[in-house]
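Numbers restart at 1 for each chain; the letters A, B, ... are given by sequence-line order, proteins then strands.
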2 protein chains.
Amino acid sequence: MTEPEPIASAPMVGLAAVILAATLDEPRVLTVPVAGQGAGRAEGLPAGPLEPAHPTLERGLRAWVERQTGQSLGYVEQLYTFGDRNRRPGGEDGGRHALSVAYLALVREARPAADSAWQSWYRYFPYEDWRAGRPPSLDALAARLEAWAAAAASPEEGRRRLDRIGLTFGAAGSGWNEERVLERYELLFEAGLVPEAGAPDALAGQAMAFDHRRMLATALGRLRGKIKYRPVVFELMPPAFTLGQLQRVVEALSGVLLHKQNFRRLVAQQGLVEETEAVTAETGGRPARLMRFRREVLLERPAPGLRLPSGRAG
Amino acid sequence: MTEPEPIASAPMVGLAAVILAATLDEPRVLTVPVAGQGAGRAEGLPAGPLEPAHPTLERGLRAWVERQTGQSLGYVEQLYTFGDRNRRPGGEDGGRHALSVAYLALVREARPAADSAWQSWYRYFPYEDWRAGRPPSLDALAARLEAWAAAAASPEEGRRRLDRIGLTFGAAGSGWNEERVLERYELLFEAGLVPEAGAPDALAGQAMAFDHRRMLATALGRLRGKIKYRPVVFELMPPAFTLGQLQRVVEALSGVLLHKQNFRRLVAQQGLVEETEAVTAETGGRPARLMRFRREVLLERPAPGLRLPSGRAG
DNA sequence: CCGGGATATGCTCAAAATGAGCATTTACCC
DNA sequence: GGGTAAATGCTCATTTTGAGCATATCCCGG
């Protein structure tokens with residue numbers, strides 16, 4: 001495991017993992033402490049350089065994650081290769097490229113290991129959680145964004161900024177699109193409202209090391225989109241679960257509340273689950289039947305996901 | 001542009017572009033000749049190594065494409081980073097990793113430049129074109145696939161193979177999913193039915209250099225999915241076009257025919273286009289009104305695409 | 001033992017979106 | 001002037017959504 005002598009122009013390739021889980025109705029991401037980088041330690045994603053011993057990128061990623069967190073991964077998909085910006089410490093030209101191939105992993109269990117910790121992902125994106133209604137911090141953020149638009153060099157640029165704000169954050173309360181996590185983060189970044197870009201407070205969420213928060217935003221957007229057309233939520237569920245638990249996990253991921261009866265109708269008629277014998281005691285209320293994921297749907301035609309209706313409450 | 005001395009373990013990072021266009025109702029991909037690699041020259045995608053002078057990955061890609069083909073790119077999105085398999089000539093361990101960051105580009109004009117050439121992409125995937133009904137080569141391919149399934153080491157493995165065949169190629173005529181281009185290619189690859197994997201003929205399509213056909217398959221699948229939820233087709237259209245032309249391009253991309261009246265209703269009610277003054281002479285038939293893409297939809301709420309109905313004909 | 005609180009489940013209904021056709025218009029060609 | 005080829009306009013039966021109302025069952029406190 002000796003590091004070879006770097007040469008000036010060979011790119012450095014890193015692997016990074018956004019590992020997501022959902023426990024107790026809260027969506028989580030697995031973080032590790034990152035040394036230094038300014039004051040003390042920051043939170044970061046499990047990551048490490050691609051090594052010659054790694055047979056493939058994905059195997060290398062799994063190795064790094066197990067080494068750093070003890071977590072073994074099930075569902076893994078490639079997310080994006082970062083390297084386009086904010087990754088060139090050496091200036092505008094010359095220097096080495098630093099790429100990072102990021103992966104999205106979904107896991108069921110949340111056993112904390114070593115230094116790693118599970119954090120609610122709304123710690124990093126508080127304004128993405130609309131389950132309790134419009135997040136209060138959005139008003140302050142919107143005000144700062146508008147100030148940023150007003151401070152544009154030209155009126156046209158200001159108008160473009162306003163358009164983007166409306167597009168990503170929803171114009172006039174209508175039209176919040178939960179999938180645009182990355183676009184919102186990038187807008188906040190450009191506007192200098194995130195700590196990584198110099199904001200004095202964490203109104204726009206807790207910072208992460210390097211560009212890891214951008215990776216997390218990419219992962220959330222991707223997952224929020226994907227649950228609608230692929231049955232990936234079940235990667236986060238235990239073997240048996242109630243429809244209520246399933247709904248609360250979907251709501252936790254997407255950040256919006258759903259109409260209960262319609263949600264269960266959707267799940268039922270898609271044939272995504274089947275009943276088991278058992279029921280749960282749960283908290284108060286009538287006991288719910290435990291369901292299990294019908295793996296066969298993966299072999300059936302389009303293998304649908306869970307379209308999110310727009311309903312606000314149950 | 002001198003190549004630095006490679007060191008044993010530093011990964012090599014390449015950039016590759018899948019550049020797509022649609023002219024005359026035929027979907028095209030821009031190819032360049034690739035020297036050697038066995039007998040004579042093969043077709044490949046524009047590609048080149050990431051260089052220190054490249055400010056970003058995407059800018060590097062654009063530079064390579066312009067240098068090799070003279071084509072300048074408009075819409076560009078990152079596709080996938082390949083490196084997981086069939087890219088390690090040096091054996092199972094040791095040696096350098098060779099990654100390739102592939103991009104998808106959509107262009108309007110198709111001016112052929114230098115050695116590059118536009119090819120119909122169904123040259124590489126003939127079985128993906130269902131516009132004239134079920135492609136005849138599919139019968140022969142299906143027979144070979146079934147033979148491959150029958151030749152599995154165990155009955156369970158054979159059943160798994162049959163499941164995959166049904167899932168990707170559609171079971172019993174029903175359920176062809178035009179988006180599963182990559183899964184179909186990978187299945188054919190595993191079954192040894194493509195030239196790259198040793199097939200004696202080109203029944204499953206023309207080969208490309210390296211793993212470029214895998215990249216192309218990835219791009220087609222991505223594009224076929226994306227036109228359904230983002231208005232990306234218009235990147236391929238001229239400034240003014242008729243609804244008939246638009247439909248024929250969508251059909252060319254997706255490989256299936258659509259119900260004409262429903263298609264135009266969809267486009268109209270989504271507000272994706274607006275009328276211009278002009279009409280066309282066209283071929284026979286009543287002249288059609290020329291339309292233009294309403295760029296404003298990109299600023300409106302969800303910015304929808306063109307859902308493909310299942311209808312078979314017009 | 002009874003009523004209230006909290007869910008889980010079952011069903012209904014109107015509105016909107018889909019899938020398939022039928023019928024008309026308006027060119028060009030012979 | 002009739003025939004052919006699209007482009008357009010409309011209709012209609014089904015499905016799919018979005019929203020509620022009503023019941024069924026548990027636990028708990030009194």
For [X] and [N], give me the distance from atom [atom1] to atom [atom2], rounded to whole Å.
| X | N | atom1 | atom2 | answer |
| --- | --- | --- | --- | --- |
| K260(B) | dT25(C) | NZ | C1' | 13 Å |
| R289(B) | dT8(D) | CZ | P | 8 Å |
| L266(A) | dT15(D) | CG | P | 17 Å |
| Q269(A) | dT14(D) | CD | C1' | 14 Å |
| F263(A) | dA8(C) | CZ | P | 12 Å |
| Q245(A) | dT7(C) | CD | C1' | 12 Å |
| Q270(B) | dA16(C) | CD | C1' | 13 Å |
| L246(B) | dT8(D) | CG | P | 12 Å |

Item checked: Pairwise side-chain contact, F125(B) with L188(B), heavy-atom cut-off 4.5 Å (strictly under) ->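 SC-SC contact between F125(B) and L188(B) ruled out.
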Note to self: Could you walk me through whether E275(A) and R289(A) satisfy the salt bridge (Lys or Arg N to Asp or Glu O under 4.0 Å) test, starting with their C-alpha distance in whole Å, then the side-chain angles of each, then the deciding distance to 0.1 Å, before giving a yes or no?
What the structure shows: CA-CA 7 Å; E275(A) 298 188 345; R289(A) 170 147 255 109; 3.5 Å; yes
Item checked: Pairwise salt bridge (Lys or Arg N to Asp or Glu O under 4.0 Å) hits with a residue in residues 239-256 of chain B, at least two apart -> D25(B)-R248(B)
Notebook entry, point to check: Does the dG19(C) base have a donor-acceptor partner in the side chain of R265(B) within less than 3.5 Å?
Noted result: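 It does, because a donor-acceptor pair links the side chain of R265(B) to the base of dG19(C) below 3.5 Å.
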Non-neighbouring partners of [X] that pass side-chain contact (heavy atoms from CB on, under 4.5 Å), sequence neighbours left out:
| X | value |
| --- | --- |
| E77(B) | Y75(B), L104(B), R222(B), K226(B) |
| P126(A) | none |
| A278(B) | T276(B), L290(B) |

Margin query: Which is more 5' along DNA chain C, the nucleotide nearest G285(A) or the one nearest G285(B)? Just name the residue.
Written below: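 The answer here is G285(A).
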Item checked: Nucleotide nearest P287(B) (side chain, heavy atoms from C-beta), chosen from dC26(D), dA6(D), dT26(C) ->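 Among the listed nucleotides, the one closest to the side chain of P287(B) is dT26(C).
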Notebook entry, point to check: Counting side-chain heavy atoms from CB outward, which of dA8(C), dA27(C), dT8(D) is closest to L243(B)?
Noted result: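 Shortest atom-to-atom distance from the side chain points to dT8(D).
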Notebook entry, point to check: With sequence neighbours left out, what residues match R160(B) under salt bridge (charged side-chain N to carboxylate O under 4.0 Å, His left out)?
Noted result: E157(B)
Find every protein N or O atom lying less than 3.5 Å from an N or O atom of nucleotides 21-24 of chain D, and list the pairs.
{"unit_1": "dC21(D)", "atom_1": "N4", "unit_2": "Q261(A)", "atom_2": "NE2", "d": "2.5"}
{"unit_1": "dA24(D)", "atom_1": "O4'", "unit_2": "R286(A)", "atom_2": "NH1", "d": "3.3"}
{"unit_1": "dA24(D)", "atom_1": "N3", "unit_2": "R286(A)", "atom_2": "NH1", "d": "3.3"}

